[in-house]
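Contents: one structure, followed by commentary.
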Amino acid sequence: MTKRQLRTRLCDMLGIEYPIISAGMGPTLIGEPNGAPVELVVAVSEAGGLGVLGGAGFNLKELRAAICEIKARTSKPFGVDLLLPKDLPEGSMGADEMPLTEVLKLMPEKHRVWFAKIKEELGLPDTDLTVRTDTTTMRPKEAIEIVLDEKVPLFCAGLGNPGFMTAAAHSQGMKVLGITGNARNARRMAESGVDLVVAQGHEGGGHTGRVGTMALLPQAIDAAAPVPVLAAGGIGDGRGLAAALAMGCIGVWVGTRFLATHEGGAMELCKQRIVESADEDTRVSKLYTGKTSRASYTRFHDLWDQSGLESLPFPFQVLLASALLGGFIKAGRTEYIGGFAGQISGLIHEIKPAAEVVAEMVETAADILSKRLPQTVQVR
Ligand SMILES: Cc1cc2nc3c(=O)[nH]c(=O)nc-3n(C[C@H](O)[C@H](O)[C@H](O)COP(=O)(O)O)c2cc1C
């Protein structure tokens, strides 16, 4: 394959070759692997895009270690993604680590009764999962200090507005990116001083809004101007990249396609589920985190829907769902096991190296944008 050139303003802003960022993906639930680990970050950055570490499930020490490992393995720019929840019960669980079974005792009775019923009906074993209260999500301020101290080239806020730390980040030579699912929030983020806004449509994997990508992008671009916008949600190949650039985005932020790569961090079972999925095989539910998120459909969704329960506030729903998922994994009940994934799963037929995903996206998008248009289009 001859090397193609496909540059936008994003490439100049971040010092990268192609306008492709692999999304920061944490673990779906406690005890699961990180979706965007060091391996994926290094592979995407080395391939000319920019890899973003999913920092949500790490504790503070692990976060710094992962950043140092990336720096040791690539000299290319990279990013770190953290969740910055507003409504966090910081430190309220006491020790740095607690058995999940103890934390479950803090849940409302209805939820505890349901948990016990499912456990008994499905014959699930006890899990030995522990809940850490020292994760970056529980201690966002300290996590940001680490990111600033390490001068991470791109800081990405997966949840919440990172406006409060942009001045500090800029003084360290860093860029800041915020993610949003609607135009109003895109404007708010732009006004708060971020360098880049990611507009993620309803199609996307993980936490998701209500507006579809096609409708969201032009509205988010107008709302955020002059701050540039990247497209996310449902982008899985060069056609998606070309469409996003044609709409006026300066790049793409891609999750599910990079999760289903050799370097993507999900459990093999979850990657396989993506490969086997059709376009309708994901569900949006509050099951996993108490906020609407899109994941591969499994029978766990049915159990939750049938429970008739209200979801608990973040992060308590995460703990409840994790406790059950831990049991499903231990018992090998694969029909209940799945993770965050987007509607683009139906386009993904193969787990391949991340570098190949980058190269193919660039090749196809460059073809389309250099006027080798699909035969359905005639232009003069
Ligand atoms: C397994 C998985 C985990 C995710 N975790 C995070 C996260 O920790 N922080 C974040 O900002 N976004 C997270 N997301 C959302 C992605 O960053 C991205 O916005 C989304 O995957 C884009 O849509 P796509 O999956 O259609 O490419 C996650 C997505 C997936 C699939």
Side-chain angles (χ1 to χ4, degrees), residues 20-30 32-37 40-41 44 49-58 63 79-85 135-137 140 143 154-162 176-181 189 196-209 212-214 216-217 230-237 240-241 244 249 251-261 264-267 269-271 273-274 277 279 282-284 288-289 291-296 314-315 318 338-348 354 357 361:
I20 299 171
I21 300 188
S22 62
M25 296 177 280
T28 300
L29 290 173
I30 296 167
E32 274 201 85
N34 187 3
L40 182 62
V41 177
V44 173
L50 185 138
V52 175
L53 182 76
F58 289 137
L63 176 67
V80 169
D81 178 277
L82 297 174
L83 304 179
L84 309 175
T135 60
T136 60
T137 308
L154 180 66
F155 173 69
C156 312
L159 198 68
N161 187 338
V176 178
L177 173 156
I179 305 174
T180 181
M189 276 192 182
L196 294 160
V197 170
V198 167
Q200 189 205 298
H202 183 63
E203 296 91 315
H207 290 122
T208 189
T213 305
M214 190 83 170
L216 175 63
L217 293 181
L230 281 84
I235 294 158
D237 66 11
L241 170 58
C249 293
V252 290
W253 168 270
V254 178
T256 304
R257 178 57 272 195
F258 281 115
L259 188 68
T261 58
M267 285 187 288
L269 178 65
C270 294
K271 291 187 190 178
R273 225 177 246 298
I274 292 173
S277 286
D279 51 357
T282 63
R283 291 285 182 282
V284 173
Y288 286 111
T289 68
K291 299 173 187 291
T292 49
S293 64
R294 184 181 296 283
S296 297
F314 182 88
V318 177
F340 289 160
Q343 289 181 330
I344 203 66
S345 297
L347 190 75
I348 298 170
V357 172
M361 269 193 183

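Values in this document were obtained by computation on a predicted structure and should not be read as measured data. In this chain, residues are counted from 1 in sequence order. Remember, it's 1-based here, ligands and their atoms both numbered in the order they're listed.
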- Nearest-contact summary for atom 25 (O) of ligand 1 - protein heavy atom, Å: Thr256 OG1, 2.5 Å
- Atom OH in Tyr288, atom OG1 in Thr28: separation rounded to 0.5 Å? 7.0 Å
- Message: What verdict does the side-chain contact (heavy atoms from CB on, under 4.5 Å) test give for Asp81 and Trp253, after you've listed the backbone C-alpha separation in whole Å, the side-chain angles of each residue and the deciding distance to 0.1 Å?
- Response: CA-CA 12 Å; Asp81 178 277; Trp253 168 270; 3.9 Å; yes
- Message: Tell me the protein heavy atom at minimum distance from atom 28 (C) of ligand 1, and give that distance in Å.
- Response: Met25 CG, 3.7 Å
- Query: Which option out of Gly24, Ala23, Gly158 puts a heavy atom nearest to atom 12 (N) of ligand 1?
  - Reply: Gly24
- Minimal non-hydrogen separation, Ala23 against Ala36, with atom names: O-CB, 3.6 Å
- Query: Is Gly54 in contact with ligand 1, taking contact as a heavy-atom separation below 4.0 Å?
  - Reply: no
- among protein heavy atoms, the one nearest atom 19 (O) of ligand 1 is Gln200 OE1, 2.5 Å
- Message: Counting non-hydrogen protein atoms only, what is the nearest one to atom 8 (O) of ligand 1? Give residue, atom name and distance.
- Response: Gly26 N, 3.0 Å
- Select one of side chain, backbone, both or neither to describe which atoms of Asp81 lie under 4.0 Å from any atom of ligand 1, heavy atoms only. side chain
- Short N/O distance, under 3.5 Å, between Arg257 and ligand 1? no
- Starting from atom 27 (O) of ligand 1, find the nearest protein heavy-atom neighbour and note its residue, name and distance. Gly255 N, 2.8 Å
- Item | Closest approach of any protein heavy atom to atom 22 (C) of ligand 1, naming residue and atom | Gly233 N, 3.8 Å
- Nearest non-hydrogen protein atom, atom 26 (O) of ligand 1: Gly234 N, 2.7 Å
- Atoms of ligand 1 close to Leu259 [distance to a heavy atom under 4.0 angstrom, numbered from 1]: 1 (C)
- Note on the structure: Out of Gly240, Gly204, Gly205, the nearest non-hydrogen contact to atom 20 (C) of ligand 1 is supplied by Gly205
- For Leu83, the ligand 1 atoms with a heavy-atom partner under 4.0 Å come out as 9 (N)
- Task: Let me see the working for Arg294 and Val284 under side-chain contact (heavy atoms from CB on, under 4.5 Å), right down to the final yes or no.
- Result: CA-CA 4 Å; Arg294 184 181 296 283; Val284 173; 3.5 Å; yes
- Item | Region of Ile179 that comes within reach of ligand 1 [heavy atoms, distance under 4.0 Å] | side chain
- Please confirm whether Leu159 comes within less than 3.5 Å of ligand 1 when only nitrogen or oxygen atoms on both sides are compared. no
- Message: Using a 4.0 Å cutoff against the non-hydrogen atoms of Trp253, which atoms of ligand 1 qualify?
- Response: 16 (C), 17 (O), 18 (C), 19 (O)
- How close does the nearest protein non-hydrogen atom get to atom 31 (C) of ligand 1, and which residue and atom is it? Phe340 O, 3.5 Å
- Looking only at heavy atoms, the pair that brings Ala354 and Phe258 closest together is O-CE2, 3.8 Å
- How long is the gap from CG on Asp237 to CG on Leu347, to the nearest 0.5 Å? 5.0 Å
- Item | Working for side-chain contact (heavy atoms from CB on, under 4.5 Å), residues Thr137 and Val318 | CA-CA 12 Å; Thr137 308; Val318 177; over 6 Å; no
- To the nearest 0.5 Å, how far apart are CZ in Phe314 and OG1 in Thr289? 6.5 Å
- Query: If you measure every N/O of Ala232 against every N/O of ligand 1, is any gap under 3.5 Å?
  - Reply: no
- Would you say Glu203 has any N or O atom under 3.5 Å from an N or O of ligand 1, going by distance alone? no
- Message: Taking side chain to side chain donor-acceptor pair (under 3.5 Å) as the definition, give me every residue that meets it alongside Thr208, ordered by chain and number, with sequence neighbours left out.
- Response: none
- Message: List the residues meeting side-chain contact (heavy atoms from CB on, under 4.5 Å) with Ile274, not counting sequence neighbours, and say none if there are none.
- Response: Thr256, Leu259, Ala260, Ser296, Ala341, Ser345, Ile348
- Would you name the heavy atoms of Met361 and Arg257 that are closest together and state the gap between them? CE-CG, 4.4 Å
- Verify side-chain contact (heavy atoms from CB on, under 4.5 Å) between Val254 and Ile344, making sure each step is shown before the conclusion. CA-CA 10 Å; Val254 178; Ile344 203 66; over 6 Å; no
